[in-house]
Amino acid sequence: MTEEAIHTSNFITQIIDEDLAAKKCDTVVTRFPPEPNGYLHIGHAKSICLNFGIARDYNGLCNLRFDDTNPAKEEVEYVESIENDVKWLGFSWNGEPRYSSNYFDQLYGYALELIRKGLAYVDELSPDQIREYRGTLTAPGKNSPYRDRTVEENLALFEKMKNGEFEEGKACLRAKIDMASSFICMRDPVIYRIKFATHHQTGDKWCIYPMYDFTHCISDAIEGITHSICTLEFQDNRRLYDWVLDHISIEHHPHQYEFSRLNLEYAITSKRKLNLLVKEKIVDGWDDPRMTTISGLRRRGYTPASIREFCRRIGVTKQDNTVEFSALESCIREDLNEHAQRRMAVLNPLRLVIDNYPEGQVEQLDAQNHPLKPELGSRKVPFTRELYIEADDFRKEGNKKFKRLSLEKEVRLRYGYIIKAESCEEDENGNVTCVHCTYIPESLGQDVEGHKPKGVIHWVSATEGKTAEIRLYERLFKIPNPGAADDFLSTINENSLRIIENAWIEPALQDAAVSEAFQFERTGYFCADSKYTTSEKKVFNLTVALKEDSQKAAA
RNA sequence: UGGGGUAUCGCCAAGUGGUAAGGCAGCGGAUUCUGAUUCCGCCAUCCCAAGGUUCGAAUCCUUGUACCCCAGCCA
């Protein structure tokens, strides 16, 4: 995955290729325009990779613009997290971050221009009345009684709006287009509304704020955007985008193209719902490792490259889609298999005693950090008489398919000796509490004539090993499409987090840095949790489990 | 019921009139001191349906069907 496809083709890049060939533009300029009303999620990653990817591939530019026209919903915490996430994903924007609010003065000027041209008017219908007058999908709307005010009257009234002389909802500015249009968004859309809210960027300078449809196209034009890429639900809005730019004095007219948003199984990509999970404390913040937010994936152990690769693989089209979660997991496994060092950790410990191994002896065995990459070197793993192995790796009686330890049978301890289980102790419930073995001293690092172990199992020294907390995750939701459920909170998987308080880890893992990925051999990929790991206590997150052969389940 | 969109393998997705790429998932088998990785093989006579045009159609035409989006002073 170190080699990323430089140029991935899709219907948008094909349009760009044509535009470039036809000299419609010289350098390609795109933008990523999130509203700072929440944290970015995997769906945004698709848009980020598309917009910044195009800028990279075409030697163009991509702006980061905060679409901040609704102060009631936005916060600086979100702008900071967004900048952080975009950078983390490996992209850098053109110049400084922009804000739609940077253009409030210009936007106001263009609104005045529309009024002067008789193309906008101050409406005093109530929100309810406006809805009534709008008509329905099949029936045309009707004109507001305020639609034919004079330019002078509108100018004066808009001035009053701006000066705070109207209460919220008592007046708004509307574009005068066509109340009978089959595009609902063209039935005299509201372009300015009154909000007595402090804006995170402009403070209390304004009490009227431009609407998205009026703001977005003009912001794009001001920034010289050549290809304005957004999601499918804005297809109708494109008519309004073009109408505004066609009716104001502005030279540049960007073009909008729409692609389908990403739907990921077992995930939600609705900021509103993500927000609810956080507010209701169903998850441990926006960066909960079970969340498919960028920050959640980061904390979980996903790498930027794996997310970029995922976005490359899913492609860009106009088809509605729901991508299987395994597609994402495949990307992180591929990356981590390549880059993560191997370590041993026992999650569900079972005591194992090697009866013929000297008591008190500690051998430092050499263990490769990566089986396919000798250049990554090795570390020492202490081997002692008493060890812990995974409880699942022992059965009193195995079978042909059971490639682990059972009585009278032999198995190799990873990086260590071949052992044979001789007996085991059980508690009153019949649970095995300890396995007694013998080892073959000459089997270290080599095969021994006449001995063919059934498999290889991992282990940690009971006396030299350390303990750590390990957090195992399952999908946050019980069903593939929680977003479509009437009550998505009822689809939460209550077993999505399982905490193992005392897992055993090899000593080398004590030094694991936060965000450093490891493969716990035969188990999965893990990383130290950025929030709960302390100097005394290591907490590891399961990023993704290793793939399991179907034979394993059958055994 | 108006308008805007979309229909190619279980899930993504190439294909742009010349006879169905690739990835994920799945299934066989080989190698393996990780039941991982790697490797090799299999996996759409068919492209929403039905007609039509053509020597030739997933691609063009016709008529249907299904699904998604639009009636916030949200974005």
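The sequence lines fix the lettering, A, B, ..., with proteins before strands; numbering per chain opens at 1. Fair warning: this is a prediction, and the values are worked out from it, not measured in the lab.
Atom CD of A:Gln319 and atom P of B:C11 are 12 Å apart (whole Å). Protein atom NZ of A:Lys400 is 19 Å distant from nucleotide atom P of B:G35, rounded to whole Å. The distance between atom CG of A:Asp236 and atom C1' of B:G2, rounded to the nearest whole Å, is 11 Å. Distance A:Glu233 CD to B:C74 C1': 12 Å, rounded to the nearest Å. Rounded to whole Å, the distance from OH on A:Tyr212 to C1' on B:G72 is 14 Å. Straight-line distance from the CG atom of A:Asp320 to the P atom of B:U8: 11 Å, rounded to whole Å. One atom, CD of A:Glu329, and another, P of B:A25, lie 9 Å apart when rounded to the nearest Å. If you measure from atom NE2 of A:His370 to atom C1' of B:U37, you get 8 Å, rounded to the nearest angstrom.
Residue contacts for A:Pro33: at a heavy-atom cut-off of 4.0 Å it reaches no nucleic acid atom on any strand shown. Here A:Thr523 lies out of heavy-atom contact (under 4.0 Å) with every strand. A:Gly445 comes within 4.0 angstrom of a nucleotide base, judged by non-hydrogen atoms across all strands. Residue A:Arg404 is classed as a base contact, given a heavy-atom separation below 4.0 Å to a base. Residue contacts for A:Leu240: at a heavy-atom cut-off of 4.0 Å it reaches no nucleic acid atom on any strand shown. Across all strands, A:Phe402 comes closer than 4.0 Å to base atoms (heavy-atom distances). A:Asp67 comes within 4.0 angstrom of the backbone, heavy atoms only, and of no base. Note on A:Met344: nothing from the nucleic acid sits closer than 4.0 angstrom, heavy atoms only. Within the 4.0 angstrom heavy-atom criterion, only backbone atoms of the sugar-phosphate kind lie near A:Lys195; the bases stay farther away. Counting non-hydrogen atoms under 4.0 angstrom, A:Tyr209 reaches nothing in the nucleic acid. Using a 4.0 Å heavy-atom criterion, one finds that A:Thr136 contacts the bases of the nucleic acid, with or without backbone contacts as well. Among the protein residues, A:Lys403 comes within range of the nucleic acid bases, having at least one heavy atom under 4.0 Å from a base atom. Counting any heavy atom pair closer than 4.0 Å across all strands shown, A:Ser181 reaches no nucleic acid atom. Within 4.0 Å of A:Gly141, counting heavy atoms only, lies no atom of the nucleic acid at all.
Pair check for B:G2 finds B:C70; Watson-Crick or G-U wobble, both atom distances under 3.5 Å.
Considering only side-chain N and O atoms, A:Gln14 lies under 4.0 angstrom from the phosphate OP1 or OP2 of B:G15. Contact check, A:Arg134 against B:C73: a side-chain N or O comes under 4.0 Å of OP1 or OP2. Taking only side-chain nitrogens and oxygens, A:Arg193 comes nearer than 4.0 Å to OP1 or OP2 of B:C74.
When the P atom is compared between B:C61 and B:U38, the two are found 45 Å apart, to the nearest whole Å. To the nearest whole angstrom, the two P atoms, one in B:G56 and one in B:G15, are 26 Å apart.
Taking the side chain of A:Ser182 as heavy atoms from C-beta on, and the options B:G10, B:G3, B:C12, the nearest nucleotide is B:G3. Taking the side chain of A:Gln235 as heavy atoms from C-beta on, and the options B:G5, B:U34, B:A25, the nearest nucleotide is B:G5. Comparing B:U34, B:C74, B:U37 by their nearest atom to the side chain of A:Leu546 picks out B:U34. Checked against B:A75, B:C73, B:C24, the side chain of A:Thr69 finds its nearest nucleotide in B:A75. The side chain of A:Ser326 lies closest to B:C24 when the candidates are B:A75, B:C24, B:A71. Listed candidates were B:G2, B:A25, B:G5. Nearest to the side chain of A:Arg238 is B:G5.
The residues A:Arg404 and A:Asp392 are annotated as not salt-bridged, no charged nitrogen and carboxylate oxygen being separated by less than 4.0 angstrom. Checked for salt-bridge contact, A:Asp366 and A:Lys380 meet the test: a charged N lies under 4.0 Å from a carboxylate O.
If you run side-chain hydrogen bond (donor to acceptor under 3.5 Å, both in side chains) between A:Ser260 and each of A:Asn321, A:Asp320, A:Thr231, only A:Asn321 comes through.
The aromatic rings of A:Trp286 and A:Tyr39 sit parallel, their planes meeting at an angle under 30°, below the 60° perpendicular limit. The aromatic rings of A:Tyr417 and A:Tyr439 sit perpendicular, their planes meeting at an angle over 60°, well past the 30° parallel limit.
Between the side chain of A:Glu324 and the base of B:G10, a donor-acceptor pair under 3.5 Å is found. Residue-to-nucleotide contacts include a donor-acceptor pair under 3.5 Å from the side chain of A:Gln519 to the base of B:U34.
Aromatic rings of A:Tyr99 and A:Phe66 (six-membered ring for Trp) have centroids within the 6.0 Å cut-off, being under it. Remark: aromatic rings of A:Phe104 and A:His199 are close, center separation under 6.0 Å.
Two residues, A:Glu265 and A:Tyr415, neighbour RNA chain B, and the one matched to the more 5' nucleotide by heavy-atom proximity is A:Glu265. The nearest heavy atom of RNA chain B to A:Leu328 and to A:Asn337 marks one nucleotide each, and the one closer to the 5' end goes with A:Leu328.
Side-chain atoms of A:Lys160 and A:Val122, non-hydrogen and from C-beta on, never get closer than 4.5 Å to each other.
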